[in-house]
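Index from 1, following the sequence.
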Amino acid sequence: MEEKAEKPKVVLGVAGGIAAYKACELLRRLTESGHDVRVVPTASALHFVGAATWSALSGHPVSTEVWTDVHEVPHVRIGQSADLVVVAPATADLLARAAHGLADDLLTNTLLTARCPVVFAPAMHTEMWEHPATQENVATLRRRGAVVIEPAVGRLTGVDTGKGRLPDPEEIFEICRRVLARVVREADLAGRHVVVSAGGTREPLDPVRYLGNRSSGKQGYALARTAVARGARVTLIEANTGMADPAGADVVHVGTAVQLREAVLKAAAEADAVVMAAAVADFRPAVYAEGKIKKKDGEEPAPVALIRNPDILAEISAERAHAEQVIVGFAAETDDVLAHGRQKLRRKGCDLLVVNEVGERKAFGAAENEAVVLAADGGETPVPYGPKEALADVVWDLVIPRLGRAPGVGTGA
Ligand code: C5P
């Protein structure tokens, strides 16, 4: 008889913030993709979205406190049997209670009994997020191995704008999916700050034209998402991808190579690792025409003179922010891939170089990739054809042993 695989068990904790309504969409995505979801709201959360909604969408009873169905010992069972606990939104109060190990309702009991990965998606006003009390609670939770997703920047409740928005539910879902798929159960990039560049630069010729390339940014986004799921603080420097910001990353939007350089140098100053997945234009037009270049009857267009862009990867490799910083480059080659890759690794001076063969339909824009990761110490790791996030995980697997000791991680505090 065919054995039916059990659905992964997810506990969706919902704390009392207005963003609770967005958790309905997260719940729907989780259930529709084959997860068995038990919703555990706090009493305050029910002011925003009622128990009937959670119950109908999850197909499970919903309770906020430990006194319902006592014979089933829910305060222990729900956490014990979970494969993932995700709290979205997590308010300042919930983060404080979790950090201090309080157990005054069903959700905080569940957090204490869960031994699976835990993801918090905080949402609150900027002042509350930035308050040292909240920041210390977040640091405590991260030190213990929880993934605390950085809030997004944008419109908050009322007239305020700033950091504190709950990221889009589909992006939180992406993080949950990756955390569940994680082979390593610990958040092995906890306490680390990584910088990832993604996309392709555009070098303007005039106000309407530019020199660009076909990089989609998908590989860089896969690197950012997997790093968030592994517990890292991520700065994503994005050039012209047109994609929604991934949850949990601080995103800097740039257009040109010069802007990308500035953003990378700033972020790299205090980063443990920098991964340059962006396709940076090697040249830019020597002159930028302030007005649109016009065609003139009977005249051939003037040739476009190009000048070199700075090589950011070579620059940050030569002038490292600190001795233990790990720097990763990408190289797209069309022929004699490995020999060119080895030369490039030496020329750029980085620690790892992800080399892939490009062609008409290879690598650019696709969701899959195939590559060899070359290491400056001679290592060679072939990565078979597969999803870009699988390659991203191999890159992090190779980065981690090259990093220095993480400050304060794994102290069991
Ligand atoms: O020299 P090439 O363009 O093949 O090198 C690719 C690698 O170098 C990528 O990691 C890319 O992000 C980086 N790069 C850079 N600055 C440039 C050109 C490439 O950092 N001007």
Side-chain angles (χ1 to χ4, degrees), residues 9-32 35-82 84-114 116 118-125 128-129 134 137-138 141 146 148-149 151-152 155-158 160 164-170 172-173 175-176 247:
K9 285 191 169 57
V10 176
V11 173
L12 172 59
V14 185
I18 180 66
Y21 77 93
K22 293 192 192 171
C24 299
E25 175 64 17
L26 175 60
L27 170 56
R28 201 183 58 77
R29 282 187 185 256
L30 285 164
T31 51
E32 283 180 2
H35 300 88
D36 179 14
V37 189
R38 178 87 194 230
V39 183
V40 184
T42 63
S44 316
L46 296 185
H47 288 296
F48 294 100
V49 180
T53 302
W54 301 122
S55 187
L57 287 175
S58 67
H60 285 295
V62 166
S63 168
T64 64
E65 33 92 336
V66 296
W67 308 115
T68 314
D69 299 322
V70 176
H71 63 288
E72 287 176 4
V73 208
H75 76 288
V76 180
R77 291 285 173 269
I78 295 175
Q80 275 178 339
S81 59
L84 172 76
V85 178
V86 51
V87 185
T91 56
D93 179 68
L94 189 279
L95 293 172
R97 289 192 290 140
H100 289 84
L102 299 193
D104 49 0
D105 63 4
L106 188 55
L107 179 54
T108 44
N109 272 274
T110 300
L111 286 166
L112 284 182
T113 51
C116 59
V118 179
V119 175
F120 293 93
M124 63 198 73
H125 263 69
M128 296 176 88
W129 172 250
T134 306
N137 290 331
V138 167
L141 293 167
V148 185
I149 299 176
R155 182 79 194 270
L156 305 170
T157 320
D160 297 339
R165 246 175 100 84
L166 189 74
D168 288 339
E170 58 269 33
I172 301 175
F173 170 71
I175 300 295
C176 294

Inset, instruction - Taking all heavy atoms of T113 and all of G79, pick out the closest pair and write down the distance. - result: OG1-CA, 3.5 Å
Inset, instruction - Rounded to the nearest 0.5 Å, what's the gap from CD1 on I78 to OG1 on T110? Could you check? - result: 5.0 Å
Under 3.5 Å, which donor-acceptor pairs link side chains of residues 98-108 to any protein atom two or more places apart or in another chain?
residue: H100; atom: ND1; partner: A96; partner atom: O; Å: 2.9
residue: D104; atom: OD1; partner: R97; partner atom: NH1; Å: 2.7
residue: D104; atom: OD1; partner: T108; partner atom: OG1; Å: 3.3
residue: D105; atom: OD1; partner: R97; partner atom: NH1; Å: 3.4
residue: D105; atom: OD1; partner: L107; partner atom: N; Å: 3.4
residue: D105; atom: OD1; partner: T108; partner atom: N; Å: 3.0
residue: D105; atom: OD1; partner: T108; partner atom: OG1; Å: 2.6
residue: D105; atom: OD2; partner: R97; partner atom: NH1; Å: 3.1
residue: D105; atom: OD2; partner: R97; partner atom: NH2; Å: 3.4
residue: T108; atom: OG1; partner: D104; partner atom: N; Å: 3.2
residue: T108; atom: OG1; partner: D105; partner atom: N; Å: 3.2
residue: T108; atom: OG1; partner: D105; partner atom: O; Å: 3.2

Inset, instruction - Would you please name every residue forming a salt bridge (Lys or Arg N to Asp or Glu O under 4.0 Å) with E25, sequence neighbours left out? - result: R28, R29
Inset, instruction - Hey, could you give me the OG1/OH distance between T53 and Y21, rounded to the nearest 0.5 Å? - result: 14.5 Å
Inset, instruction - Could you pull out all residues at least two apart from R165 that satisfy side-chain contact (heavy atoms from CB on, under 4.5 Å)? - result: K22, A152, R155, L156
Inset, instruction - Evaluate the side chain to side chain contact (heavy atoms under 4.5 Å, CB included) criterion for residues I149 and V119: first the C-alpha distance (whole Å), next the side-chain angles of each, then the deciding distance (0.1 Å), finally the verdict. - result: CA-CA 7 Å; I149 299 176; V119 175; 3.7 Å; yes
Inset, instruction - For residues V148 and P122, determine if any side-chain heavy atom of one lies less than 4.5 Å from a side-chain heavy atom of the other. - result: yes
Legend entry - Those residues that, when tested against T157, pass side-chain contact (heavy atoms from CB on, under 4.5 Å) (two or more places apart): I18, H125
Inset, instruction - Before giving the answer on side chain to side chain contact (heavy atoms under 4.5 Å, CB included), spell out for L95 and V138 the whole-Å C-alpha distance, their side-chain angles and the decisive distance to 0.1 Å. - result: CA-CA 7 Å; L95 293 172; V138 167; 4.0 Å; yes
Inset, instruction - Give the minimum heavy-atom separation between A20 and A15, together with the two atoms involved. - result: CB-O, 4.2 Å
Inset, instruction - Scan for salt bridge (Lys or Arg N to Asp or Glu O under 4.0 Å) pairs involving residues 46-58, sequence neighbours excluded, and state none if there are none. - result: none
Legend entry - Close side-chain approach of C176 and L84, heavy atoms under 4.5 Å: yes
Legend entry - Closest contact, heavy atoms only, P89 versus G17: CG-O, 4.3 Å
Inset, instruction - First locate atom CD1 of I175, then atom CG of L26, and finally report the distance between them rounded to the nearest 0.5 Å. - result: 11.5 Å
Inset, instruction - Go through the steps to decide whether T31 and L57 satisfy the test side chain to side chain contact (heavy atoms under 4.5 Å, CB included), and finish with yes or no. - result: CA-CA 8 Å; T31 51; L57 287 175; over 6 Å; no
Inset, instruction - Could you pull out the closest heavy-atom pair between P61 and S55, with the gap in Å? - result: CA-OG, 4.2 Å
Inset, instruction - List for me each residue that meets side chain to side chain donor-acceptor pair (under 3.5 Å) alongside Q80, sequence neighbours excluded, and say none if there are none. - result: R77
Legend entry - For A23 against V14, the heavy-atom pair lying closest together: CB-CG2, 4.2 Å
List the atom pairs, with distances to 0.1 Å, where a side-chain N or O of residues 35-51 and a protein N or O form a donor-acceptor pair under 3.5 Å, not counting sequence neighbours.
residue: H35; atom: ND1; partner: L30; partner atom: O; Å: 2.9
residue: H35; atom: ND1; partner: S33; partner atom: OG; Å: 3.1
residue: D36; atom: OD1; partner: H60; partner atom: NE2; Å: 2.6
residue: T42; atom: OG1; partner: G16; partner atom: N; Å: 3.4
residue: T42; atom: OG1; partner: A45; partner atom: N; Å: 3.2

Legend entry - Point-to-point distance, once rounded to the nearest 0.5 Å, from CG of N137 to CZ of F120: 10.0 Å
Legend entry - Side-chain heavy atoms of N109 within contact of L111, under 4.5 Å: no
Legend entry - Heavy-atom side-chain contact between L94 and T91 under 4.5 Å: yes
Inset, instruction - Of all the heavy-atom pairs spanning A92 and T134, show the shortest one and how long it is. - result: CB-OG1, 4.1 Å
